[in-house]
Amino acid sequence: MNKKEVIQALETIAVYMEIKGENTFKTSAYRKAAQTLEQDERSLSEIQTPASLNSIGKGTAAVIEELRDTNQAQVLETLKSEIPEGLIPLLDLQGLGGRKVAKLYQELQITDAASLKQACESRRVRELSGFGAKTEEKILAALEDMGSRPDRLPVAFMLETAKMLEKEIKNLADVKRWARAGSLRRMEETIKDLDYILSVSVENTDPIRTQLKELPYVSEVIADGPSKVSLELALSYPVQIDFRLTDDDAFATTLHHFTGSKDHNVQIRQIAKSRGERVSEYGIENLETKEVTSFSSEEDFFHYLGLYYIPPEARAGTGETTMYQQPYETVERSDIKGDLHMHTTWSDGALSVEEMAEEVRSRGHEWMAVTDHSKFLQVAHGLDEERILRQIEEIRRVNDQYEDFTVLAGIEMDIRPDGTLDIEDEVLSRLDVVIASIHSSFSQSRTDIMKRLDAALEHPSVHIIAHPTGRLIGRREGYDADVQTLLKKAAKTGTALELNANPNRLDLSAAWLRKAADTGTMISINTDAHTPDMLDHMEIGTASAKKALLQKEQIVNTRNIEELRAFLQGKQERTKR
DNA sequence: GCCGTTTTCGGCCCGACTGTTTTCAGTCG
């Protein structure tokens, strides 16, 4: 078995054990082991002794080695023979966990979704102790939904939903301050539900809870208690929203708590515990004096624990609590000085060169590049050599209107399926910025794709490779690029790789960007805007770079115009040698 | 099952809400 399969098997063991009613610490030990393997960069053969890893002991190490060497593990085979496979998906049903599923199996011989449905319909489930009529109805409803609802939704969709919702939240009475929390605040690529923390200035939360339940599109109230309201919205997909109500003293710690991630919280609590303190959403309690300290901001909270402020995006539980014992500066939105990838009416954009320049400038940037599509992309009315030359003149004309702002002439040039570039060298050399992209023949072999990318990397005029994997989050995988090799070659040739800031893309992903720090590859955060509002995606791109813990120096956008020109010039000089 | 200059046994992050009970187990985040 390879590493992925071993990780999968360990997680399966944990799930089966859950139904078997094993000690929860035992099941979580298997989960932890799977996670440890996942977070280790090495392959299975490189990890010779799994037991040497943190939180993998003698027991799980033996299982891992058994899986690796024999493709199976006795403990898993035994579990499989004891527990029907059809029970596993039942754990995904809202309100059903290991214990309840076990009870259904043991007392009603339920083995899968079909037999569960039957048992509910014949009202046998409500007879079980710990179950009741309401539980039975909920199970039936959940069975109906099963399969029709994706587990997690792409961040782009959730950002839209969040924006819609926040217009309403702003108007709520008696809310002192509020914030996004959860995986959206951490800028995960896919999001399960939305979380908001509301600081309320009243004793009785009934009126505010009533307001929440009257929000648009609410189709169901999942939970409604003094400090928590959970709703389901009927949008194009059902979306769950959790509101936490808190007083202002606990706001910062509540926000931290519900921003997570879970693993991050566990690490924070362990730190506190080692100091004789306990962290909860209400503050930090001294276990001896029982005194609870509260904080006015997350910054203060982290400082109290001897840490520097960890940005939400970086709270993954993958070592940031160690890393931020020293100061560590990731890129911030305020470091970004410009945008190198956008479209105008010359190809498939919505605004003219001049209008786009005004939009970018109004966002406080110092420079930008116009990069329309090249002629291969006919559907986008891509530019041929003759139109490029005319557009350069237009761009120079607009640029001359500004003293404090620079508009560069660029192109987003296609790399054709045969590995040739779409625009003649002579014209390319007249442009300030050349971005190379793959928009066709996604199903080519890895060798062919890499040949195409190599052609761009090695060309003296190509500065950036756009959306390097071609993926669309939740919709398509992209083409088969060898990203590790791409990162190295880009670093070697002085070519930047794009972090496409469009939330549908986020390409390269934060996971790959994190590797870019090791290879020393330059990253350009580009909005690829086709409309003015898409220019605001820079915020999202920067958050993704932050998630990867990229630093200012590695990001093209943090340069002023002189430094930017030096970078662009550098590619030509380097490849000429 | 894992882990340990407070420990080789006895802990393991913490709390809200629901639905079932009649004080709490189970689920969830």
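Reminder, nothing fancy here: chain letters follow the sequence lines and each chain counts from 1.
Out of B:dC2, B:dC12, B:dG19, the shortest distance to the side chain of A:Thr135 is found at B:dG19. In the set B:dG29, B:dT18, B:dG1, the nucleotide with an atom closest to the side chain of A:Ala223 is B:dT18. Distance from the side chain of A:Asp224 is smallest to B:dT18 among B:dA16, B:dG1, B:dT18. Listed nucleotides B:dC14, B:dC17, B:dG29 differ in distance to A:Asp242; the shortest reach to its side chain belongs to B:dG29.
Atom name P, nucleotides B:dT20 and B:dC28: the rounded distance is 15 Å, in whole Å. Remark: the separation of the C1' atoms in B:dC14 and B:dT22 is 26 Å, to the nearest Å. Atom P of B:dA16 sits at a distance of 24 Å from the matching atom of B:dT21, rounded to the whole Å.
The residue A:Lys58 sits close only to the backbone: its heavy atoms come under 4.0 Å of sugar-phosphate atoms, none of a base. Residue-level contact check: A:Phe258 touches neither bases nor backbone, having no heavy atom under 4.0 Å from any strand. Here A:Glu22 lies out of heavy-atom contact (under 4.0 Å) with every strand. Note on A:Asn23: a base of the nucleic acid sits closer than 4.0 angstrom, heavy atoms only. Residue A:Leu96 is classed as a sugar-phosphate contact, given heavy-atom separations below 4.0 Å to backbone atoms only. Using a 4.0 Å heavy-atom cutoff across all strands shown, A:Ala133 reaches sugar-phosphate atoms only and no base atom. The residue A:Ile271 sits apart from the nucleic acid: no heavy atom pair falls under 4.0 Å.
For the pair A:Arg315 and A:Tyr324, the NZ or CZ position fails the cation-pi test of under 6.0 Å to the six-membered ring centre and within 45 degrees of the ring normal.
For B:dC17, the OP1/OP2 oxygens have a side-chain nitrogen or oxygen of A:Ser227 closer than 4.0 Å.
Taking the six-membered ring where the residue is Trp, the centroids of A:Phe302 and A:His256 are separated by under 6.0 Å.
Looking at heavy atoms from C-beta onward, A:Ile540 lies out of side-chain contact with A:Val155 at the 4.5 angstrom threshold.
Taking atom OH on A:Tyr30 and atom C1' on B:dC2, their separation rounds to 11 Å, with Å as the unit. Taking atom CG of A:Leu245 as the reference point, atom C1' of B:dG15 lies 15 Å away to the nearest angstrom.
B:dG19 is paired with B:dC24 under the criterion used here, namely a Watson-Crick or G-U wobble arrangement in which both key atom distances are under 3.5 Å.
The only option from A:Glu313, A:Glu188, A:Glu320 that meets the salt bridge (charged side-chain N to carboxylate O under 4.0 Å, His left out) definition with A:Lys547 turns out to be A:Glu188.
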